[in-house]
Amino acid sequence: MTGWTLVIHGGSGSMTRGVLSTADDNAGRAGLAAALDAGGDILRGGGSALDAVEAAVRVMEDDPVFNAGRGSVFTAEGRIECDAAIMDGSGRTAGAVAGVRTTRHPVSLAREVMTNSAHVFLAGAGADSFARAHGVEAAEPAWFETVERRRQLDEILANPDAPFDSGMKYG
Amino acid sequence: TVGAVAVDSAGHVAAATSTGGLTGKRWGRVGDSPLIGAGTYADDRAAAVSCTGAGEFFIRLGVAHEICARIRLTGLSVDDAAREMIAELGVMGGKGGLIAVGPDGVGTWNFNTPGMYRGRVSSHRQAEVAIY
């Protein structure tokens with residue numbers, strides 16, 4: 001095997017042509033292209049698939065266009081709780097976190113769990129504490145919050161018949 | 001939700017998924033993304049998979065692991081396994097999509113929603129991105 005391949009996604013949902021503004025459409029495409037560049041550069045240089053997928057996801061976690069890391073959607077209580085997982089096919093090792101609130105790159109925390117803990121899955125405040133103990137970069141809750149996601153939450157809460165985004169309008 | 005799957009020049013595969021979940025979620029609700037085998041899975045014998053969508057359905061079907069199992073045990077292609085699982089998801093009323101790549105370098109995506117942010121690049125293919 002000498003070739004390499006990277007495939008990414010930025011979420012699926014009910015976005016249809018014409019619903020997304022041209023600016024949002026362009027921002028989404030630019031974010032995807034940046035993630036492909038980050039992961040593709042690693043693979044092009046002979047790096048590992050594991051490093052490539054982490055790098056690509058980190059770029060999208062920093063991009064407010066996507067529902068992950070910065071730009072994540074809000075819970076009904078107005079907080080941001082992130083989940084992430086990573087898995088290495090060569091040894092079927094894996095790491096995952098759920099409900100983290102103060103770690104800038106949840107995917108890197110998942111990798112730290114995989115690499116430097118006896119566990120696979122950590123959740124909530126414990127996972128954030130593990131991140132601090134292992135020097136995984138922290139971020140204040142405000143880092144993750146965007147005006148558009150707050151607007152989307154207000155829209156949903158204003159409609160009690162739609163208790164959460166079951167229609168994946170904001171996938 | 002965002003995700004990436006890759007195969008490197010040594011033939012190893014990997015998968016990663018990250019999400020803020022669903023807008024307005026309550027009670028500590030967690031979807032498929034962090035559940036190994038549901039929204040994220042990687043096995044050099046089969047493929048790497050990352051999913052997005054109505055997480056409850058991906059959890060119930062164990063989609064990411066099921067795709068790898070069907071490839072490994074039945075010889076199904078990555079493309080066909082992905083298509084089968086999105087079809088099965090739809091039958092249950094689930095919506096969403098997934099990306100997958102095999103150790104042979106074949107990458108694919110499949111989804112039953114109007115749109116999915118997605119992209120791919122390889123040693124023999126220019127980068128391409130799409131939404132609808």
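Here is how names work: the chains are called A, B, and so on, in the same order as the sequence lines, proteins then strands, and each is numbered from 1.
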So, the part of A:Val100 with a heavy atom under 4.5 Å from chain B: the answer is neither

What are the two closest non-hydrogen atoms of B:Ile36 and A:Ala94, and how far apart are they? CD1-CB, 3.7 Å

I'd like to know if B:Leu61 and B:Leu98 are part of one continuous hydrophobic network [Ile/Leu/Val/Met/Phe/Trp/Tyr, side-chain heavy atoms within less than 4.5 Å]. yes

Please rank A:Val57, A:Asp51, A:Asp37, A:Leu50 by heavy-atom pairs under 4.5 Å with chain B and give me the top one. A:Val57

Contact origin within B:Cys51 toward chain A - heavy atom pairs under 4.5 Å: backbone

B:Ile99 CD1 to A:Ser12 OG distance, which is reported to the nearest 0.5 Å: 11.0 Å

Same apolar cluster (I L V M F W Y, side chains within < 4.5 Å links), A:Val113/A:Val136: yes

Need one label for A:Phe121: side chain, backbone, both or neither, based on atoms under 4.5 Å from any heavy atom in chain B. side chain

B:Asp44 side chain to A:Gly91 main-chain N or O, any donor-acceptor pair under 3.5 Å? no

Option in A:Ile86, A:Val7, A:Val107 with maximal non-hydrogen atom pairs under 4.5 Å from chain B: A:Val7

Top of B:Ser50, B:Gly107, B:Ala100 for chain A proximity - count of heavy-atom pairs under 4.5 angstrom: B:Ser50

Are the side chains of B:Leu22 and A:Val73 in touch, meaning some heavy atoms are under 4.5 Å apart? no

Top contributor to chain B interface from A:Thr75, A:Leu43, A:Val53 [non-hydrogen pairs under 4.5 Å]: A:Val53

Common cluster, B:Phe58/B:Met116, ILVMFWY with side-chain heavy-atom separation under 4.5 Å: no

Report whether B:Phe57 and B:Val63 are members of the same hydrophobic cluster (ILVMFWY, side-chain heavy atoms less than 4.5 Å apart, transitive linking). yes

For chain A, which of B:Glu128, B:His124, B:Arg120, B:Arg125 has the most heavy-atom pairs under 4.5 Å? B:Arg120

Identify the heavy atoms of B:Ala127 and A:Leu36 that sit nearest to each other, and give their distance. CB-CD1, 4.0 Å

Measure the CD-OG1 distance between A:Glu155 and B:Thr23 for me, rounded to the nearest 0.5 Å. 9.5 Å

Would you check if the side chain of A:Asn67 reaches a backbone N or O of B:Gly20 as a donor-acceptor pair within less than 3.5 Å? yes

B:Val101 versus chain A, the contacting section by heavy-atom distance below 4.5 Å: side chain

Any side-chain donor paired with an acceptor under 3.5 Å for A:Ser48 and B:His12? no

Under the criterion side-chain contact (heavy atoms from CB on, under 4.5 Å), I'd like the reasoning laid out for B:Val106 against A:Thr5: C-alpha separation, chi angles, the key distance, then a yes or no. CA-CA 7 Å; B:Val106 174; A:Thr5 300; over 6 Å; no

Does any non-hydrogen side-chain atom of B:Ile131 lie less than 4.5 Å from one of A:Leu20? yes

Most heavy-atom pairs under 4.5 Å with chain A, out of B:Asn112, B:Val13, B:Val30, B:Thr40, belong to B:Val13

Modelled atom types, side-chain donor and acceptor of A:Asp25 and B:Tyr132, under 3.5 Å: yes

Could you tell me the separation between the OG1 atom of B:Thr17 and the CE atom of A:Met87, rounded to the nearest 0.5 Å? 11.5 Å

Taking A:Arg44, A:Arg92, A:Glu77 one by one, which has the highest count of heavy-atom pairs under 4.5 Å against chain B? A:Arg92

Kindly indicate whether the side chain of A:Glu81, heavy atoms from C-beta on, has any atom under 4.5 Å from the side chain of B:Arg29. no

Given A:Glu54, A:Glu61, A:Arg58, the one that forms side chain to side chain donor-acceptor pair (under 3.5 Å) with B:Ser18: A:Glu61

Joint hydrophobic cluster, B:Ile59 plus B:Met92, side-chain heavy atoms closer than 4.5 Å: no

For the candidates A:Gly31, A:Ser72, A:Ala68, which exhibits the highest count of non-hydrogen atom pairs separated by less than 4.5 Å from chain B? A:Ala68

Among B:Ala14, B:Ser123, B:Ala130, who wins on heavy-atom pairs under 4.5 Å with chain A? B:Ser123

Give me the atom names and distance for the closest heavy-atom approach of B:Thr113 to A:Gly13. CB-O, 3.4 Å

Looking only at A:Gly39, A:Ala52, A:Ala49, A:Ala35, most heavy-atom pairs under 4.5 Å shared with chain B are made by A:Ala49

Trace of the side-chain contact (heavy atoms from CB on, under 4.5 Å) decision for B:Val121 with A:Trp4: CA-CA 9 Å; B:Val121 64; A:Trp4 51 267; 3.9 Å; yes

Identify which part of A:Ile80 has an atom lying under 4.5 Å from any heavy atom of chain B, answering side chain, backbone, both or neither. neither

